[in-house]
Amino acid sequence: MRKLVLGIVILFALTVISCGDNNEDSTPASDNTELYDVTVTQSPSEGGTVTLSDTTIEEGNQLTLEAESAEEFNFTHWNGDIDSTSDNPLSITIDNDYSITANFKIKNYTLDVYTEGEGSVKEKIVQQKSTDYESGTVVELTAEPANTHTFVEWQDDVTGNDNPVQVTIDSPKEITAAFEWGSPFEEGEEDCRPLDPDNIEIEESGDQWRLVDGDNWLLLFDELENAKKARDIIQFYGFTQWCFVGRPDPPFDYWLVNQAPPEKTDDVPFTEDCTGLDPDNIEIEESGDQWQLVDGDNWLLLFDEFENAKKARDTIQFYGFTQRCYVGRPDPPFGYWLR
C-alpha cells in the first residue's frame with residue numbers, strides 16, 4: 001500500500017515539473033508579429049499635410065492615410081512604395097516597410113485680358129512661384145492705346161485707371177482695358193454739338209422740312225423723303241455728336257458716335273450714296289487764294305483758310321474715314337463720313 005501511494009506522489013510531481021517546463025519555453029503570439037516602419041512625406045512640403053498616428057505598424061494591420069491640401073494647392077497622387085492617383089484616403093495592409101510621398105500641385109488660374117476700343121495690353125510677370133500663371137503669380141498689365149485712342153480704365157476683376165497695374169493671380173481673372181477715341185488735334189478740342197438720335201423729329205417749315213433735336217434745329221430739306229432718310233441714317237448709326245471745322249459757315253462737318261467714328265456696314269435698311277477715298281492719300285493743294293483737299297485726282301473740299309484745310313485733313317486721317325456719303329445730291333443738304 002505504501003509503495004502505491006509513493007508512486008502516485010512521484011508521478012504527480014513529474015507531471016507538475018513537466019508542465020512548468022512547457023510554460024517557460026512558450027512565446028506569446030504577439031511576440032512573433034513583425035513591426036514595420038512607415039515613412040510619409042509631402043511634396044512640396046508646403047503643399048499639404050498627411051495625418052499619421054504611428055510610424056511603427058504591426059504586420060497585417062490596416063493603415064489609412066488622408067492627404068489634406070493647403071490653401072491654393074491640390075492633392076494629385078501618391079507615389080513611392082505606393083502608386084495611386086485617385087485614392088484619398090489611401091488604405092494599406094501593412095506587410096513591409098513603406099516610404100510614401102503625398103504629392104500636391106499649386107493651383108493654376110486663367111487670366112483673360114480683353115480690350116474695348118483700339119489698343120493692346122502687355123503682360124509682364126513680376127513675381128512667379130514657378131511656371132505659368134500659378135496661384136500667387138503677380139502680373140503687371142500695361143494698357144497701350146493705339147495712336148488714335150487714350151486709355152480710360154480697367155474693368156471687370158480689376159478697376160481703376162492706374163497704368164500699369166499689378167494683379168495677383170489667386171483666382172480666375174477676367175480683365176478689360178477700356179480705350180476711347182482721343183482728339184485729332186494736339187491742341188484744342190473738336191467743335192462738336194451733342195444730340196440725341198432717338199429724339200430726332202421731322203417738322204414742316206413752310207414748303208420745306210427740317211430735322212430737329214428737341215428745340216435744336218439741325219438740317220433743312222426741300223423734300224420730305226430726303227428728310228426721312230437723313231433721320232433714319234442718324235438713328236441707324238446712333239450719331240451723338242455733330243462736329244464742324246470752320247464755323248459759322250463750316251466747309252467740313254462730320255458725325256460721331258460717342259466720340260467714335262461710325263463704321264461702314266453692309267447691313268443697312270436703306271440705300272447709301274457713298275464714294276470711297278484713301279485717308280492716307282489726302283493732300284492739301286493751293287487753288288488761287290483758297291485751299292482744297294484732294295484724294296489723288298479727286299477733289300473733296302475747298303477752304304478759305306489753310307488752317308481749316310489742315311484741320312479737316314487731320315480729322316479725316318485721324319478717324320480713318322474711307323467713305324463720304326450723301327443724301328439729296330447734287331446739292332446734298334446732308335452728308336456724313338464713315339470709317
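The structure presented is a predicted model; accordingly, all values stated were derived computationally and were not measured.
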### Derivation and outcome, salt bridge (Lys or Arg N to Asp or Glu O under 4.0 Å), residues R339 and E263
CA-CA 5 Å; R339 176 180 169 83; E263 300 280 347; 3.4 Å; yes
### The single option from F244, W337, F303, Y336 passing ring pair (Phe, Tyr, Trp, His ring centres under 6.0 Å) against F252
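Exactly one option meets the ring pair (Phe, Tyr, Trp, His ring centres under 6.0 Å) with F252, and it is W337.
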Which atom pair, heavy atoms only, marks the closest approach of [X] to [Y]?
X: P279; Y: T322; result: CD-CG2, 4.0 Å
X: W291; Y: D304; result: CD1-O, 4.2 Å
X: V50; Y: A102; result: CG2-CB, 3.6 Å
X: D97; Y: D37; result: OD1-N, 2.8 Å
X: Y237; Y: V268; result: OH-CG1, 3.8 Å
X: P164; Y: E140; result: CB-CG, 3.7 Å

Main-chain N/O of [Y] paired to [X] side chain as donor or acceptor, under 3.5 Å:
X: W78; Y: L90; value: no
X: D81; Y: I100; value: no
X: Q259; Y: G182; value: yes
X: W154; Y: V165; value: no
X: T76; Y: N103; value: yes

Hydrophobic cluster identity match, [X] and [Y], side-chain contacts under 4.5 Å:
X: L220; Y: I233; value: no
X: V121; Y: Y114; value: no
X: I82; Y: F75; value: yes
X: I316; Y: Y326; value: no
X: F321; Y: L338; value: no

### Message
Apply side chain to side chain contact (heavy atoms under 4.5 Å, CB included) to residues L141 and V167 and explain how you reach the verdict.
### Response
CA-CA 8 Å; L141 301 179; V167 183; 4.0 Å; yes
### Query
Centroid-to-centroid, W242 to Y254, below 6.0 Å?
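When the ring centroids of W242 and Y254 are compared, they turn out to be at least 6.0 Å apart.
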### Message
Between the side chains of K173 and D112, is the shortest nitrogen-to-carboxylate-oxygen separation below 4.0 Å, so that they form an ion pair?
### Response
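No salt bridge links D112 with K173.
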### Residues K310 and D314 bridged, charged N to O under 4.0 Å
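Looking at D314 together with K310, the answer is yes, because their closest N to O distance falls below 4.0 Å.
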Could you give the distance from [atom1] ([X]) to [atom2] ([Y]), rounded to the nearest 0.5 Å?
X: E305; Y: Q290; atom1: CD; atom2: CD; value: 11.0 Å
X: F221; Y: S205; atom1: CZ; atom2: OG; value: 12.5 Å
X: E118; Y: H149; atom1: CD; atom2: NE2; value: 4.5 Å
X: D278; Y: Q317; atom1: CG; atom2: CD; value: 9.0 Å
X: I200; Y: D213; atom1: CD1; atom2: CG; value: 4.5 Å
X: L293; Y: T315; atom1: CG; atom2: OG1; value: 10.0 Å

### Query
Going through the checks in order, is the side chain to side chain contact (heavy atoms under 4.5 Å, CB included) test met by T240 and L195?
CA-CA 5 Å; T240 59; L195 68 144; 5.6 Å; no
#### Entry: Lys NZ or Arg CZ of K311 over F185 ring: under 6.0 Å, within 45°
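That pair qualifies as a cation-pi contact.
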### Message
What verdict does the salt bridge (Lys or Arg N to Asp or Glu O under 4.0 Å) test give for R210 and E204, after you've listed the backbone C-alpha separation in whole Å, the side-chain angles of each residue and the deciding distance to 0.1 Å?
### Response
CA-CA 6 Å; R210 63 181 181 180; E204 190 172 4; over 6 Å; no
